[in-house]
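Have a look at the structure below, then the notes.
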Amino acid sequence: MKATFPVMDERCFLYCKKILQVLPLVLFSSAVLRATQGASNVWHTLRELF
């Protein structure tokens with residue numbers, strides 16, 4: 001049992017590290033997508049108005 005714990009801790013640490021590296025990218029990409037969608041919606045409403 002004792003031999004497996006450090007391996008599990010290392011694996012979890014690497015996993016958490018990977019998540020922390022990927023999470024900002026995911027949030028940034030989702031924010032960019034939301035912004036572009038909002039811009040396109042504004043563009044559509046402007047085209048409908050004029």
Nearest 0.5 Å please: distance from the CG atom of Leu14 over to the CG atom of Asp9. 11.0 Å
Measuring from Cys16:SG to Leu23:CG, what's the distance to the nearest 0.5 Å? 11.5 Å
Between CG on residue Leu46 and NE2 on residue His44, distance to nearest 0.5 Å: 11.0 Å
Pairs of donor and acceptor atoms involving the side chains of residues 29-36, under 3.5 Å and at least two apart or interchain, shall be tabulated with distances.
{"unit_1": "Ser29", "atom_1": "OG", "unit_2": "Leu25", "atom_2": "O", "d": "3.1"}
{"unit_1": "Ser29", "atom_1": "OG", "unit_2": "Val26", "atom_2": "O", "d": "2.8"}
{"unit_1": "Ser30", "atom_1": "OG", "unit_2": "Val26", "atom_2": "O", "d": "3.2"}
{"unit_1": "Ser30", "atom_1": "OG", "unit_2": "Leu27", "atom_2": "O", "d": "2.7"}
{"unit_1": "Thr36", "atom_1": "OG1", "unit_2": "Val32", "atom_2": "O", "d": "3.0"}
{"unit_1": "Thr36", "atom_1": "OG1", "unit_2": "Leu33", "atom_2": "O", "d": "2.7"}

